[in-house]
Amino acid sequence: MVGLLSRIRTEQGEMPEALRKVAEVIVADPAEAARSTIVDLAERSGTSTATITRLCRSLGFGGYAELRVALATETGRAAQQRWETDIGQEILPDDGLDRVLGVVSGNDIRLIQETAAQLDLATVEKVAGAIARAGRVLLFGVSSSAAVASEMEYRLQRIRIPTWSRSDAHSALTDAALLGQGDVAIGISHSGRTREAIEVLAEAGSHGAITVAVTSHPRSPLAEVAELVVTTASRETTFRSEGFAAIHSQLLVLDVVYVSVAQRTYERTRKAFDLTVRAVTGHRLPEGDAWP
């Protein structure tokens, strides 16, 4: 949102006292506010998370995650403009690999930074807690999101979380129909408009499962049917649509969730790693040995 900080400065004098306290903290250090969780900001301003939610809505945002995105975007705009001037995002047919590497790596680094800045850690905590307690976890994504779902499936299975990933709608819907209270369904879609992902979450939610959306669009249809929403950042470059570019952001979000789950199941996770490492030890060459 262009001019967000200017608007807050202009309006804070007319705000109720509690909202004004939050506004003052944001204006004093907007970059820090963009990095803070809703709980952190509430503590720093001496208010409550409900107060911050009210401020978000008064500014036209659906929630705190959207406000953080706007703050991160505005405070980072000057740096982003310099980055785009120096590196750019277009890759031409005759560009050397040094430029290709610069554009691709620079874009991925910035997307990861933007995703980290906007990530609502309170929501991540809820997702991780639900997964750690779940009887079953269903992950769904199509195209590039399917690869992300498959990677998360592998990680959770490795620490003894009963997990399945699906990219076929029929299989996913039948699995979703078998979920119940305490189970978790996670739909991954950059656009948040993948019809199959929306249907899978809706089906899972109708049976009492906790539903989670991983998307770059917090007001998308997928986000609307989900109980919990974690957002990612994405930016298109030559030969890489936003959906492709979002993969690293999606992996970051789910990796943070995975590690948080592992923390909650530490002893079980440690034992699982010991068992699985021993199971594959015989398939690794000893140190110093070369393949014949």
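Treat the numbers as computed from the prediction; the structure is a model and nothing was measured.
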Inset, instruction - In sequence, state the C-alpha distance, the side-chain angles, and the governing distance for T53 and I38, and then conclude on side chain to side chain contact (heavy atoms under 4.5 Å, CB included). - result: CA-CA 9 Å; T53 298; I38 190 171; 3.9 Å; yes

Legend entry - Any donor-acceptor pair under 3.5 Å from E153 side chain to S165 backbone: yes

Inset, instruction - Locate the shortest heavy-atom distance separating S36 from R44; write the atom from each residue and the value. - result: OG-NH1, 3.3 Å

Inset, instruction - Tell me, with the steps shown, if E151 and L251 meet side chain to side chain contact (heavy atoms under 4.5 Å, CB included). - result: CA-CA 8 Å; E151 176 63 23; L251 286 172; 4.1 Å; yes

Legend entry - Nearest non-hydrogen partners of T47 and V22, listed with the distance: OG1-CG2, 3.4 Å

Inset, instruction - For residues I188 and L254, determine if any side-chain heavy atom of one lies less than 4.5 Å from a side-chain heavy atom of the other. - result: yes

Inset, instruction - Decide yes or no for L59 and I8: does some side-chain heavy atom of the first lie under 4.5 Å from some side-chain heavy atom of the second? - result: yes

Inset, instruction - Consider only side-chain heavy atoms of I, L, V, M, F, W and Y, link residues closer than 4.5 Å, and tell whether L252 and I109 are in one cluster. - result: no

Inset, instruction - Would you name the heavy atoms of A33 and L71 that are closest together and state the gap between them? - result: CB-CD1, 4.1 Å

Legend entry - Atom CG of L275 with >12 non-hydrogen neighbours under 6.0 angstrom: yes

Legend entry - Heavy-atom neighbours of R270 CZ exceed 12 at 6.0 Å: yes

Legend entry - Non-hydrogen side-chain atoms of L55 and M15 separated by less than 4.5 Å: yes

Inset, instruction - Using distance alone, with no hydrogens and no angle criterion, decide if D40 and T37 have a side-chain donor and acceptor under 3.5 Å apart. - result: yes

Legend entry - Approximate separation, where rounding is to 0.5 Å, of I186 CD1 and S145 OG: 12.5 Å

Inset, instruction - Assess whether atom CZ of R195 is packed by more than 12 heavy atoms of other residues, nucleotides or ligands within 6.0 Å. - result: no

Legend entry - Short N-O contact, R35 and E32, less than 4.0 angstrom: yes

Legend entry - Donor-acceptor pair, side chain of R68 and main chain of A117, under 3.5 angstrom: yes

Legend entry - N/O donor-acceptor pair under 3.5 Å between T269 side chain and T265 backbone: yes

Legend entry - From R136 atom CZ to W164 atom CH2, the distance as rounded to the nearest 0.5 Å: 4.0 Å

Legend entry - Under 3.5 Å side-chain donor-acceptor pair for S189 and R193: no

Legend entry - Pair T115-S249, side-chain donor/acceptor within less than 3.5 Å: yes

Inset, instruction - Check the pair L173, E199 against side chain to side chain contact (heavy atoms under 4.5 Å, CB included), reporting the backbone distance first and the verdict last. - result: CA-CA 8 Å; L173 285 169; E199 292 175 347; 4.2 Å; yes

Inset, instruction - Taking all heavy atoms of Q250 and all of V214, pick out the closest pair and write down the distance. - result: CG-CG1, 4.4 Å

Inset, instruction - Check whether any side-chain N or O of R160 sits under 3.5 Å from a backbone N or O of R268 as a donor-acceptor pair, and report yes or no. - result: no

Inset, instruction - Measure the shortest side-chain to side-chain distance between L5 and I26 over non-hydrogen atoms and say whether it is less than 4.5 angstrom. - result: yes

Legend entry - D108 side-chain N/O to S105 backbone N/O, donor-acceptor pair under 3.5 Å: no

Inset, instruction - To the nearest 0.5 angstrom, please state how far the OG1 atom of T49 sits from the CZ atom of R54. - result: 9.5 Å

Inset, instruction - Can you measure from CD (E203) to CG (L201) and round to the nearest 0.5 angstrom? - result: 11.0 Å

Inset, instruction - Establish whether L178 and I131 are linked, either directly or via other cluster members, by ILVMFWY side-chain heavy-atom contacts under 4.5 Å. - result: no

Inset, instruction - Run through H217, Q118, E114, E66 and flag the one making a side chain to side chain donor-acceptor pair (under 3.5 Å) with T231. - result: Q118

Inset, instruction - First locate atom CD of E125, then atom CZ of R264, and finally report the distance between them rounded to the nearest 0.5 Å. - result: 4.5 Å

Inset, instruction - State, with a plain yes or no, whether a side-chain heavy atom of F140 is found less than 4.5 Å away from one of S171. - result: no

Inset, instruction - Answer with yes or no whether the hydrophobic clustering places I112 together with V230; edges join I, L, V, M, F, W, Y residues whose side-chain heavy atoms lie under 4.5 Å apart. - result: yes

Legend entry - G129 backbone acceptor or donor facing R133 side chain under 3.5 Å: yes

Inset, instruction - Check whether any side-chain heavy atom of T51 sits under 4.5 Å from a side-chain heavy atom of L19, and report yes or no. - result: yes

Inset, instruction - For the residue pair V148 and I247, establish whether any side-chain heavy-atom pair is separated by less than 4.5 Å. - result: yes

Legend entry - Heavy-atom pair of closest approach, residues V200 and A172: CG2-CB, 3.6 Å

Legend entry - Separation between CG of L67 and CG of L4, rounded to the nearest 0.5 Å: 6.0 Å

Inset, instruction - Check whether more than 12 heavy atoms from other residues, nucleotides or ligands sit under 6.0 Å from atom CD of E267, and answer yes or no. - result: yes

Legend entry - Cluster link L41 to F61, ILVMFWY, side chain under 4.5 Å: yes

Inset, instruction - Ignoring hydrogens and angles, state whether a donor on the side chain of T281 or R278 is under 3.5 Å from an acceptor on the partner side chain. - result: no

Inset, instruction - In sequence, state the C-alpha distance, the side-chain angles, and the governing distance for R166 and L139, and then conclude on side chain to side chain contact (heavy atoms under 4.5 Å, CB included). - result: CA-CA 6 Å; R166 297 285 186 262; L139 291 135; over 6 Å; no

Legend entry - Minimum-distance pair of heavy atoms, taken over all atoms of A146 and S167: CB-CB, 3.8 Å

Inset, instruction - May I ask you to test the P30-E74 pair for a side-chain heavy-atom distance under 4.5 Å? - result: no

Inset, instruction - Answer yes if I210 and L222 sit in the same cluster of Ile, Leu, Val, Met, Phe, Trp and Tyr residues linked by side chain heavy atoms under 4.5 Å apart, and no otherwise. - result: no

Inset, instruction - Please check if atom OH in Y154 has more than 12 non-hydrogen atoms from other residues, nucleotides or ligands closer than 6.0 Å. - result: no

